[in-house]
Q: 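Here you go, one structure.
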Amino acid sequence: MLLRSYVWLYLLFLFGPLAVIALFAFHASPALSFPFEGFSLRWFAEILDDPQFIAALKNSTIVAAASSVMTGILGTLAALALPRLPKRSLAGFNILTFAPIALPGLFLGIALLALFERLGIYRSLWTVTIAHTLFTLPFFIETVRSRVAYFDASLEEAARDLGAGPWTTFRLVTLPILFPTLMGGVLLSFALSFDEVVITVFVVGEKNTLPFYILSMMRRTVNPSINAASVLAMALSLASLLIGGLFFLLQRRRAQGRRTENE
Amino acid sequence: MSTQTISTSGQEPIVSMRGLGKKFGSFVALQGIDLDVREGEILTFLGPSGCGKTTLMRIVAGFEDPTSGSLDLRGADMRRLPPEKRPINMVFQRYALFPHLDVFDNVAFGLRLKKWPVAKINDRVGQMLKMVQMDAMATRWITELSGGQSQRVALARALANEPQLLLLDEPLAALDLKIRHHMLAELKRIQNETRTTFIYVTHDQDEAMILSTRIVLMNQGCIEQLGTPDELYFQPVSLFAAKFLGETNILPARVRGDADGDVVLEGPAGTMRARSKPTGLTEAQEVHVSIRPETISLSTLEAGSASDVNGVCAEIKQIQPIGSRVVYTTRLDNGTELRAQTVRPPDALPLAMGQKVYLNWSDAAVAVLTK
């Protein structure tokens, strides 16, 4: 009983602040405290009128799209190669893959900054994209690899047996079957990239990303339009996560169907 | 290793293997395989798990490379040919149907790769699905099929390509008993219709006996015996072969000589005569003999015309009715046990526990095992 009420507390703790922000994003008055004085979309109108916000939103979308696609390509190749590695080197690879997740982002940010300086690479959305690819890649591999490992190798053999070369087999069998899983991983990477701040701080150039711009807004004034901006950013992240989740679900249902049929 | 020679007289082999071997690291999976697959036959690779039967099939399919020996298809070297270039198709153990395609697209997969015109593909797929009685399910998803239905689709998908050789890797292992017997009959019918040469891999002796034209019995990477189901059952050449197929009585024996073309042997069951004899038997050689329980007949002592060749007196120690048959375990005076099997009569059993009986068998029932 006590544990059950703890679950509610836990959820309140997790989502309470988000709910407050979401609520005040629709507040009719500029006051950021109760009592609540009615609903309005004025803060959304204001923030969408801010050309800098729109630019930041665009930048973040470009970076998230570019880095998640790159992560998708590099990560898929890695996930496909993993089951073919000898067992002993696999353990080493696991640790190495996981390291960027465990390392503080600060560390990665400083390291990348130093690297870009050394190579004379001018900081821009490109450097942010590279940094985000690096950051999201381990998450992608971690989420995708178990599904890829369960991929039935005899399906590829069947395709070869029916006359498909290695590349045709990948195109007609491996990729379509794994597509929902890989798409889920790409959308997760998109969401991760979209609100990444810590590493971004070090590698960002003149063009702001969205979370970075919201931070700088907060430094200037405490304005309710920040709430509206946050809600918009949250909605975009959530949407990509939800779509990604749908893809995962689709794949699992297909796998389950196959399993029950085989038992 | 088997010293049996393979007769290919009058028939050009479709596949021929000479001295074929396969090593995985230091593990020898196959060694010295000499085998010809004849046009139109159902050749079964039979053996316990780990005997190399699956590896041998995978080498024929092109999924494994042999480490030694030759592999020819109609006289052409196959060793460097990748699986997609071989005119051979396979039915996989767990079917390996493509889950993202429906039944029709699965069967059409190979034909589309061959760039057949659409109308021709439609005809062929329809014809194949009809043959395996799945024509009503062309638009079903693979995940909606039962095991038996998946099996049929896998068969149609492989045969649609008109392979010169069809490989079947334990295709019935994942099915339950009832469907398995039905599918065996179906396989035989389909083989008859298409006249395709089958290589069938199984560890199940019943499947092998029912289906095969010839059986390759394998053990520890070698061919133990090659022959028709009857030859393997009644004339096993080794202890392994005799024990692997069906129930049998194994007795030690010593060769005593020849009489009227039969081999005369001496053993714990007295003097025996065997009609078939392995080559190279020498006087006083120590061998084993195998006598199938159903070839031994029992009679009461009074009724029996007791001969001391291929016949002994014994006492019934155990009576075990198993469905349609009865197995009697009997013990000779010297302690040797012999099992005899009869058809179960509809009324009471004629013999009782502890009863003295006379056992006898014909010289055709005795198989001499030299190894």
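Convention: sequence-line order gives letters A, B, ...; per-chain numbering from 1.
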Q: In terms of heavy-atom proximity below 4.5 Å to chain A, should B/F98 be classed as side chain, backbone, both, or neither?
A: both
Q: For chain A, which candidate among B/K85, B/Q149, B/Q93, B/R157 shows the most heavy-atom pairs at distances under 4.5 Å?
A: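 Of the candidates given, the most pairs with chain A belong to B/R157.
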Q: Using non-hydrogen atoms only, which part of B/N161 is less than 4.5 Å away from chain A: side chain, backbone, both, or neither?
A: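 For B/N161, side-chain heavy atoms alone lie under 4.5 Å from chain A.
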Q: Evaluate whether atom CZ of A/F107 has more than 12 neighbouring non-hydrogen atoms of other residues, nucleotides or ligands under 6.0 angstrom away.
A: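 No.
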Q: Does anything in residues 124-134 of chain A reach chain B? List residues with heavy atoms under 4.5 Å apart, or say none.
A: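 Within residues 124-134 of chain A, near chain B: nothing under 4.5 Å.
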Q: Taking 4.5 Å as the heavy-atom cut-off, does anything in residues 158-165 of chain A contact chain B, and if so which residues?
A: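 A/A158, A/A159, A/R160, A/D161, A/L162, A/G163, A/A164, A/G165 fall under the 4.5 Å cut-off.
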Q: Under a 4.5 Å cut-off applied to non-hydrogen side-chain atoms, are B/R58 and A/E157 in contact?
A: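 Heavy-atom side-chain distance check passes, below 4.5 Å.
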Q: Given that the side chain runs from C-beta out, which part of A/T168 has a heavy atom under 4.5 Å from chain B: side chain, backbone, both or neither?
A: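 Just the side chain, heavy atoms under 4.5 Å.
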Q: Does A/L175 offer a backbone N or O that forms a donor-acceptor pair with the side chain of B/H100 under 3.5 Å?
A: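 No; zero donor-acceptor contacts below 3.5 Å.
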Q: Specify which of B/A154, B/A96, B/A61 makes the most heavy-atom pairs with chain A at under 4.5 Å.
A: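 Among B/A154, B/A96, B/A61, the one with the most close pairs to chain A is B/A96.
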Q: Quick one, A/P176 and B/L101 - any side-chain contact, counting heavy atoms below 4.5 Å?
A: no
Q: Can you tell me which portion of B/L167 sits under 4.5 Å from chain A's heavy atoms? Options are side chain, backbone, both or neither.
A: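 For B/L167, no heavy atom lies under 4.5 Å from chain A.
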Q: I'd like to verify something: which residue of B/F63, B/W141, B/F109 has the highest number of heavy-atom pairs under 4.5 Å with chain A?
A: B/F63
Q: For atom NZ of A/K58, is the number of surrounding heavy atoms from other residues, nucleotides or ligands below 6.0 Å larger than 12?
A: no
Q: Under the salt bridge (charged side-chain N to carboxylate O under 4.0 Å, His left out) rule, collect the residues that match up with A/R171, sequence neighbours excluded.
A: none
Q: Do other residues, nucleotides or ligands put more than 12 heavy atoms under 6.0 Å from B/K188 NZ?
A: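 Counting other residues, nucleotides and ligands, NZ of B/K188 exceeds 12 neighbours.
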Q: Who among B/G62, B/P82, B/G110 has the most heavy-atom pairs with chain A under 4.5 Å?
A: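 Heavy-atom pair counts peak at B/G110.
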Q: So, using side chain to side chain contact (heavy atoms under 4.5 Å, CB included) as the criterion, who are the partners of B/Q191 when residues are at least two apart?
A: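 B/I42, B/F198.
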